[in-house]
Structures are given as structure tokens and as C-alpha cells.
Amino acid sequence: MESKLHIVMFPWFAYGHINPFIQLSNKLSSHGIQISFFSLPGNVARIESSLNNTPLNQVIPLTIPPTEGLSSNFDSSSDITPETGELLKVALDQMQPQVRTLLSQLQPHIILFDFAHYWIPSIAYELGIKAVNYSVFSAVANSYLTIPARINDPNKQPTVDDLKVPPPGFPKTSITSMKTFQARDFLYLFKSFNGLPSGFNKIMSFIKSCDAIIYKTCTEIESPYIDYLKTQIGKPMLLAGSAVPPPPSGKLEEKWETWLGKFPEQSVIFCNFGSETYLDNEQIQELTLGLELTGLPFFLVLNFGTGSFDAQNKLEASLPEGFRERIKDRGVVHTGWVQQQHILAHKSVGCYLNHSGFSSVIEGIVNDCQLAFVAQKGDQFLNSKMFSGDLKVGVEVNRRDEDGFFGKEDILEAIKTVMVDTDTEPGKSIRKNHSNWKKFFLDKDIETKYIANLVKELEALVQKA
Ligand SMILES: O=c1ccn([C@@H]2O[C@H](COP(=O)(O)OP(=O)(O)O[C@H]3O[C@H](CO)[C@@H](O)[C@H](O)[C@H]3O)[C@@H](O)[C@H]2O)c(=O)[nH]1
């Protein structure tokens with residue numbers, strides 16, 4: 001179906017958000033939909049290189065308003081640290097006048113906005129544009145954390161104990177409680193910074209005022225949570241489908257191709273924590289020693305965020321004494337960006353130890369990599385429980401309740417379950433489930449059906465007065 005819609009995409013400025021917005025843009029653009037993509041000036045070239053190149057599509061740089069604490073040279077998402085992230089939220093709030101001007105010039109039918117842009121619906125409403133939130137988080141994370149039932153008194157912040165249990169009416173699934181360290185991490189959502197509303201309040205505000213919400217998921221994987229969200233949101237809920245990332249372009253860098261090629265099929269553990277998740281030194285020590293204990297080859301990627309330090313020095317300082325020498329014939333430790341999808345697709349890679357980022361897990365499932373999860377924050381904890389507890393496609397590394405500590409033996413245990421003890425339970429079922437879900441995610445018809453349906457629903461939304 002060819003559509004004449006014009007949609008503005010306005011993701012949060014981190015690549016973990018920009019990328020799913022680009023993927024959705026490309027799927028919608030293949031139905032004829034025109035895309036105007038808002039981002040920071042320094043991101044334009046990178047977004048243009050991934051966005052479908054049609055005469056209709058364009059990337060529009062936003063001016064970053066002067067913001068105390070944010071350098072005037074700051075213009076790209078590659079430089080976001082947790083501190084600049086908070087300042088960028090302040091800058092985002094001050095972008096309201098320019099966004100209003102741009103929208104009134106562009107006159108799109110719809111704007112798709114992200115979690116921090118709670119003021120978009122009121123501007124869009126004035127201009128006769130439909131405001132639709134696109135959530136890049138799983139339905140399980142949304143339904144555990146960011147729904148009205150989560151708090152009953154808006155003036156009172158929830159406690160750690162409150163956040164250890166699901167909200168009232170939450171579906172009966174494998175998620176019956178969360179650990180103390182996880183609940184403590186969830187508190188972040190309820191805190192306000194720099195006088196802005198908390199993340200939770202921003203979301204509650206746009207849930208009330210937007211025209212619809214799109215979730216990046218499908219009923220086949222998350223139906224109990226999707227059904228529960230329906231009872232909570234009170235707005236049209238649209239689904240974008242399983243969001244399997246498109247196959248990567250190009251080829252794997254030769255040095256990694258050669259290194260991986262030395263090992264037997266499905267023997268290498270690949271370990272990476274996504275685009276914005278960093279382990280502390282204690283965790284790095286246990287993780288590296290755990291990988292060493294497995295006796296298997298491994299490819300470990302560790303990052304430290306941006307800052308005024310040399311990442312390579314930081315990496316060397318974080319490794320156990322004598323580690324590099326001991327593992328030199330079967331392990332690499334790297335800092336920096338790697339071609340994750342190419343690596344996961346390599347025939348030697350058999351296990352993927354990861355942070356449970358939503359896209360990363362799906363990339364693991366569509367390849368022959370058994371999954372082990374060491375989630376580090378927010379939605380990752382819920383993704384990890386959902387994928388290991390509901391879908392049973394992987395295993396969580398055992399963690400201490402109070403502080404999330406895991407030891408080297410816990411890493412070994414998780415890897416053994418999915419890589420070695422595969423004739424006994426739970427390893428046996430996990431392999432079988434993984435292979436079934438792989439077939440599901442690779443079924444092009446399912447994805448095509450979700451996107452065609454989404455286009456139809458967006459058309460209908462625009463027709464509505
Ligand atoms: O060295 C790297 C690191 C990452 N990637 C890619 O980057 C994407 C990462 O996706 P994902 O794991 O979903 O997101 P992150 O950006 O790591 O995570 C953020 O966004 C996710 C939602 O998309 C949330 O689930 C996480 O909590 C949040 O940290 C994937 O396509 C990876 O293939 C690479 O290609 N190379």
C-alpha cells in the first residue's frame with residue numbers, strides 16, 4: 001500500500017533510540033511515507049547514511065540552545081555521558097519554540113516522539129498534527145514501570161520495596177518480583193533533575209495527551225504485557241512488530257574474521273554490553289575471570305563511556321593481573337565499537353553474553369548464539385526476566401539480591417548451562433526454544449503484516465477528527 005503520509009521522527013538523542021527510529025522510518029518509507037528526521041547537527045551525516053535515500057526523506061538538524069554545563073562544541077550523540085544526558089534533557093526542553101516553528105513550516109500529518117518529549121502533544125494539537133509516542137522499550141518494561149497503576153499518590157515517590165513488586169493487575173507471568181538492587185535502580189525514573197518533571201511524570205503526562213502509542217514489539221512475544229498495557233493506557237495502542245534489525249551492510253573486519261575463523265563452529269563466547277552500558281571494575285574482574293574459567297574461546301568488548309580518559313589505558317587497568325598473557329591464545333579483549341551483527345552471525349560464535357538491550361537480544365536470537373544475560377539497568381532487568389523466564393531462550397547470570405554482585409563462578413555456571421550442559425535441563429529446552437524463536441523472528445511475512453497494519457492504523461488516525 002502506498003501512503004501519502006508525512007511523518008516527523010523525533011527520537012531521544014542517544015543512538016540506542018535513534019537507531020530504532022531509523023529502522024521504523026525505513027519500514028514506513030518503503031510504504032511511500034515521507035520522513036523528516038529531527039536530531040543534533042553532529043548526527044545528521046550518520047543518520048543520512050542509514051535512512052532510506054528517497055527524494056522525500058530529510059534529516060533536519062536542531063539548534064542546541066545554550067545550556068549551563070553543556071559545552072558549546074557539543075553537537076553529537078557520540079559524546080553523551082550520563083551527565084551530558086541530563087543536561088541535554090534541559091536543552092531539549094528549551095527546543096520547544098524551534099520545534100513549534102519547524103512543525104508549522106513542515107505541516108506533517110504525524111510526529112513520532114520519544115519518552116523525554118512530554119510537551120510535544122500540546123504543540124502538535126495546536127498545529128493540527130497527530131502526536132504519537134514511539135516507545136523503544138519492551139512492553140514488559142513499560143508495563144512494570146511506566147503505567148498509571150505504578151503509583152497511587154503522585155506526590156509520593158515509590159520506595160524500593162514498592163518497586164520490588166509488580167503494579168496492581170500486572171499479568172501472571174514469570175515476573176513476580178524484582179531484586180533489591182534492580183528496584184533501587186528503578187528509583188531513577190521517579191527522580192526529577194534540574195527542575196524538570198521526573199521521567200515517570202513525563203510519561204504519565206504524554207500518555208494522557210498523545211493521540212496514540214506505538215510499541216516496538218509483537219503479541220507473539222509479549223501478549224500478556226500488551227494486554228495489560230491496553231487496560232492502563234486508554235489510548236490507541238499500535239504495534240510495530242518484532243523489530244528484527246535489518247541485515248548488516250558490508251563485511252566483518254578482516255582481523256576479526258581471521259581471529260574468529262581459528263575456532264570450531266559455535267565455540268566462541270561473544271560478550272558485549274551495547275551502546276551505553278558500562279561495567280564497574282569489580283564486575284570486570286569477575287566477568288573476565290569467569291570467562292577464563294570456562295576454558296572456551298571468547299571475544300570480550302568493554303567500554304567506559306566518553307570522558308577525558310584514554311579508553312585503552314582504562315581497559316588495561318581494569319583487567320586482572322596477568323590476564324592477557326594467560327588467555328592470549330583463546331581470548332580477545334577490545335574497547336570501542338565492533339560490528340556486532342556480523343560477529344553474532346559468524347559461524348564460530350556460539351554464545352552471546354549481553355546486557356539484555358532489546359535489539360541486542362533479538363540479534364542474538366536470529367543467529368545461532370545461546371544467550372546469557374547480565375542486565376545492568378532499567379528496562380534491561382525486565383527484558384532479561386522476560387526472555388529467560390517467559391520465552392526461556394536464555395539464562396540469567398545469578399546475582400546477589402542487595403547489590404547485584406556476581407562472581408566468576410556465576411558467569412561460568414550460566415555459560416555452562418547454555419553451552420555445555422545441553423543434554424540436560426534447562427539447557428536442552430533453552431536450545432530448542434531458541435531455535436523456534438529464531439524461525440519466528442526470521443519470518444518476513446510476520447514483520448510485513450505488522451508494518452502494513454501499522455501504516456493502515458496511522459492512516460486511520462490521521463482521518464480521525
Ligand atoms: O559495539 C557495538 C555495540 C552495539 N552495537 C549495536 O547497537 C545496538 C544496541 O541495541 P540495544 O542493545 O537494543 O540498545 P543499547 O543502545 O545498548 O541500549 C539502550 O537501548 C535499549 C532499547 O533499544 C534498551 O533496552 C537499553 O536499556 C538501553 O541501554 C545493536 O543493534 C547492536 O548491534 C554494535 O553494532 N556494536
Side-chain angles (χ1 to χ4, degrees), residues 15-16 19-20 22-23 50 138 216 221 242-277 279 287 291 294 296-303 330-376 380 383-384 387-388 391 393-397 411 414-415 417-419 422 427 430-444 447:
Y15 279 112
N19 290 340
I22 296 177
Q23 284 163 17
S50 312
S138 54
K216 189 185 83 157
I221 51 174
S242 59
V244 177
S249 55
K251 283 195 339 201
L252 177 59
E253 225 183 303
E254 193 161 335
K255 73 170 172 184
W256 298 134
E257 179 67 50
T258 311
W259 188 83
L260 287 167
K262 291 194 304 190
F263 300 102
E265 275 189 25
Q266 294 188 22
S267 64
V268 178
I269 305 164
F270 175 60
C271 187
N272 194 6
F273 299 95
S275 71
E276 51 181 29
T277 300
L279 271 57
L287 171 66
L291 289 172
T294 65
L296 294 167
F298 62 87
F299 185 150
L300 169 62
V301 183
L302 290 170
N303 287 308
R330 65 175 169 98
V332 282
V333 190
H334 173 81
T335 187
W337 193 257
V338 293
Q339 296 158 285
Q340 174 165 305
Q341 282 180 269
H342 282 286
I343 294 172
L344 291 172
H346 195 285
K347 63 178 183 340
S348 299
V349 176
C351 180
Y352 175 31
L353 179 64
N354 65 81
H355 63 309
S356 312
F358 204 28
S359 304
S360 290
V361 176
I362 297 191
E363 288 169 16
I365 297 178
V366 298
N367 288 291
D368 292 320
C369 310
Q370 301 308 313
L371 300 167
F373 308 120
V374 227
Q376 296 294 308
Q380 299 171 3
N383 297 344
S384 160
F387 283 113
S388 62
L391 304 195
V393 284
V395 67
E396 286 189 296
V397 170
I411 296 287
I415 305 271
T417 302
V418 291
M419 288 283 276
T422 51
I430 289 175
R431 285 210 163 217
K432 192 158 160 263
N433 295 334
H434 187 293
S435 126
N436 290 340
W437 281 106
K438 176 180 171 179
K439 278 192 213 106
F440 168 76
F441 282 119
L442 289 179
D443 185 339
K444 279 269 155 251
E447 176 162 325

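Predicted model only: the values in this text are computed from it and were never measured.
- In terms of modelled atom types and a separation under 3.5 Å, the side chain of R431 and the main chain of T422 share no donor-acceptor contact.
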Quiz item: After noting the C-alpha distance and the side-chain angles of E265 and S348, does the key distance pass the side-chain hydrogen bond (donor to acceptor under 3.5 Å, both in side chains) rule?
Solution: CA-CA 4 Å; E265 275 189 25; S348 299; over 6 Å; no
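- Formation of a donor-acceptor pair under 3.5 Å by the S356 side chain with backbone atoms of F373 is not found in this model.
- A donor-acceptor contact shorter than 3.5 Å is absent between the side chain of S267 and the backbone of F263.
- The aromatic rings of W256 and H334 sit perpendicular, their planes meeting at an angle over 60°, well past the 30° parallel limit.
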Self-check item: side-chain hydrogen bond (donor to acceptor under 3.5 Å, both in side chains) assessment of S138 paired with N383
Solution: CA-CA 7 Å; S138 54; N383 297 344; 2.6 Å; yes
Quiz prompt | Test salt bridge (Lys or Arg N to Asp or Glu O under 4.0 Å) applied to K347 and D368, step by step | solution = CA-CA 8 Å; K347 63 178 183 340; D368 292 320; over 6 Å; no
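- One N or O on the side chain of Q376 and one on the backbone of V374 form a donor-acceptor pair closer than 3.5 Å.
- Under a 3.5 Å cut-off, the side chain of N367 and the backbone N or O of E363 do form a donor-acceptor pair.
- Side-chain contact of E253 with H342: a donor-acceptor pair under 3.5 Å is absent, judged by distance alone.
- Counting only N and O atoms by type, the side chains of N354 and S360 include no donor and acceptor under 3.5 Å apart.
- Counted within 6.0 Å of NZ on K262, heavy atoms from surrounding residues, nucleotides or ligands total more than 12; the atom is thus considered enclosed.
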